[in-house]
Trainee: 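Questions regarding the structure given below will be posed in turn.
So you know, we letter chains A, B, ... as the sequences are listed, proteins then strands, and number each from 1. The figures here come from the full heavy-atom set of this structure, side chains too, leaving out hydrogens, waters and symmetry mates.
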Protein chains: 2
Amino acid sequence: MSDRYHHGNLRQALIDAGIRIINESGEDKLSLRKAAALCRVSHAAPYAHFKDKEELIGAIKASVTEQFTEELKRAVDGEENAESALVEMGRSYVSFFVCNPDYFKFLFSSLNIVAHIRPDRQHKEDYPPFVRLKETYLKYLKEKGIKKSRDEQEADILRLWASAHGLAAIACMSGVETSFDWNDRGAIEALLL
Amino acid sequence: MSDRYHHGNLRQALIDAGIRIINESGEDKLSLRKAAALCRVSHAAPYAHFKDKEELIGAIKASVTEQFTEELKRAVDGEENAESALVEMGRSYVSFFVCNPDYFKFLFSSLNIVAHIRPDRQHKEDYPPFVRLKETYLKYLKEKGIKKSRDEQEADILRLWASAHGLAAIACMSGVETSFDWNDRGAIEALLL
DNA sequence: GCTCCGATCTTTACAATGTAAAGATTAGTA
DNA sequence: TACTAATCTTTACATTGTAAAGATCGGAGC
């Protein structure tokens with residue numbers, strides 16, 4: 001691991017280095033060469049693992065998205081019924097990005113959030129956070145004994161998603177001061193849906 | 001204007017060139033030097049008008065934001081009552097970015113949407129699209145004779161904004177195919193609020 | 001008209017970056 | 001043990017942002 005010619009696990013090390021750079025210096029300071037330098041490797045070494053910079057960034061996004069998904073799961077696990085789980089999930093969605101505004105900018109600056117997870121897919125059903133939301137929503141319907149058409153369900157989920165995502169976006173915009181405490185659980189819950 | 005040493009209106013020309021590059025080749029192809037080349041000017045000429053690349057990009061964002069604000073105004077002007085104006089404004093918010101997905105990515109990738117309009121300010125009250133929304137919302141309250149506390153009003157506006165912005169974000173994510181027609185006025189109106 | 005000043009633009013230069021190509025090193029396999 | 005493919009280094013080049021020094025020009029004042 002120290003001074004060997006072969007790094008051992010360069011691919012993952014580059015991803016970790018990328019995340020570290022984003023957290024410490026911001027996304028605009030992220031470069032192939034800096035990530036390589038952090039791994040004590042020549043600036044061309046990453047090309048053995050990634051086709052180009054875009055592919056490295058994609059892998060980093062996939063990693064951060066996984067973190068995000070885990071956070072959503074954890075939030076839901078603590079709740080007893082599906083209704084409170086749905087609200088808690090929305091709160092958690094906003095909270096994750098309020099705590100990591102740089103991640104919001106990083107993840108959603110490409111407008112292609114699915115491709116990083118499953119390169120061949122481009123449907124929201126392949127986007128883990130969406131899948132989690134849909135699961136919880138369907139549980140909620142069942143729990144309450146509510147019957148809805150497929151289209152109504154689709155619209156409901158879209159509304160929920162848009163609500164959480166929109167609030168997260170507004171909360172993350174450092175230039176948009178709202179007289180709002182984005183860490184106040186009750187306050188955010190009141191905004192959701 | 002043709003081959004003179006002084007361009008005449010380079011500042012605006014650079015902004016227009018930037019917008020053109022974004023529309024034709026995407027934001028990632030936007031560079032100081034390409035914008036300068038489009039204006040038939042040396043690559044260092046922009047520094048007479050902008051401190052650095054960031055400032056040029058800020059000016060471009062301000063210009064696009066102005067376009068966006070005009071669109072919102074136009075949408076509201078056609079409506080007779082404030083309630084329909086509010087809905088139409090939300091539809092217009094989404095529609096503008098569905099028609100120009102690159103603009104969404106461009107405008108909201110910085111997370112500092114106010115600074116470009118008024119460099120010294122960082123409050124949402126200085127962000128024209130927000131001001132338009134607030135205006136229309138307050139007219140709506142008056143029209144309906146509804147009394148609400150300052151906090152309730154604040155929350156309502158935030159909900160409206162987040163709803164529209166979130167839908168726009170989801171609609172713009174090319175990797176997220178929804179079985180949804182983002183040009184269907186009625187369908188989008190049903191999703192708002 | 002002429003002079004001068006500041007704004008505007010060019011030229012030159014340099015460092016950082018992404019990436020291609022050729023070769024060195026090594027792990028794992030036949 | 002020899003070979004092969006994966007991994008990494010070195011070298012090279014084009015593109016970029018930006019700084020510095022100087023050229024050009026428009027307009028204010030005389």
Trainee: Whole angstrom is fine here: how far is it from NE2 in B/H7 over to P in D/dG26?
Mentor: 14 Å

Trainee: Evaluate the ring planes of B/F68 and B/Y93, with Trp represented by its six-membered ring, and classify them as parallel (under 30°), tilted (30 to 60°) or perpendicular (over 60°).
Mentor: perpendicular

Trainee: Using whole Å, report how far CD of A/Q12 lies from C1' of D/dT7.
Mentor: 17 Å

Trainee: Under the ring pair (Phe, Tyr, Trp, His ring centres under 6.0 Å) rule, what pairs show up with a residue in residues 42-61 of chain B, not counting sequence neighbours?
Mentor: none

Trainee: Pairs in or reaching into residues 104-128 of chain B: which pass ring pair (Phe, Tyr, Trp, His ring centres under 6.0 Å), with residues at least two apart or in two chains?
Mentor: B/F97-B/F104, B/F97-B/F108, B/F104-B/F108, B/F104-B/H165, B/F108-B/H165

Trainee: Quick check on contacts: within residues 31-39 of chain A, what sits under 4.0 Å from DNA chain C by heavy-atom distance?
Mentor: A/S31, A/L32, A/R33, A/K34

Trainee: Can you pull out every side chain to side chain donor-acceptor pair (under 3.5 Å) where at least one residue sits in residues 54-65 of chain A? Sequence neighbours excluded, please.
Mentor: A/K61-A/S110

Trainee: Determine whether more than 12 heavy atoms belonging to other residues, nucleotides or ligands lie under 6.0 Å from atom CD of A/E135.
Mentor: yes

Trainee: Do B/L160 and B/V87 share a hydrophobic cluster, counting only Ile, Leu, Val, Met, Phe, Trp and Tyr and linking them when any side-chain heavy atoms are less than 4.5 Å apart?
Mentor: no

Trainee: Going only through I, L, V, M, F, W and Y residues with side-chain contacts under 4.5 Å, is there a path from B/I157 to B/V131?
Mentor: no

Trainee: Dump every N/O contact between nucleotides 27-29 of chain C and the protein below 3.5 Å, one line per pair.
Mentor:
none

Trainee: Please state how far atom CZ in A/R11 lies from atom P in D/dA6, giving the value in whole angstrom units.
Mentor: 15 Å

Trainee: In whole angstroms, how far is the C1' atom of D/dA6 from the CG atom of A/N9?
Mentor: 14 Å

Trainee: So among B/K148, B/K124, B/K134, B/R159, which one has a salt bridge (Lys or Arg N to Asp or Glu O under 4.0 Å) with B/E154?
Mentor: B/K124

Trainee: At a heavy-atom distance below 4.0 Å, what parts of residues 46-63 of chain B sit against DNA chain C?
Mentor: B/A48, B/H49

Trainee: Do NZ/NE/NH1/NH2 and the carboxylate oxygens of A/E71 and A/R132 come within less than 4.0 Å?
Mentor: no

Trainee: If you measure from the Lys or Arg side-chain nitrogens to the Asp or Glu carboxylate oxygens, is any gap between B/E24 and B/R20 under 4.0 Å?
Mentor: yes

Trainee: Classify the side chain of A/H43 and the base of D/dT11 as holding, or not holding, a donor-acceptor pair under 3.5 Å.
Mentor: yes

Trainee: Report the nucleotide, chosen from D/dA19, D/dC8, C/dC9, that has the shortest atom-to-atom distance to any side-chain atom of B/A44.
Mentor: D/dA19

Trainee: Would you call A/R118-A/E125 a salt bridge at under 4.0 Å N-O?
Mentor: no

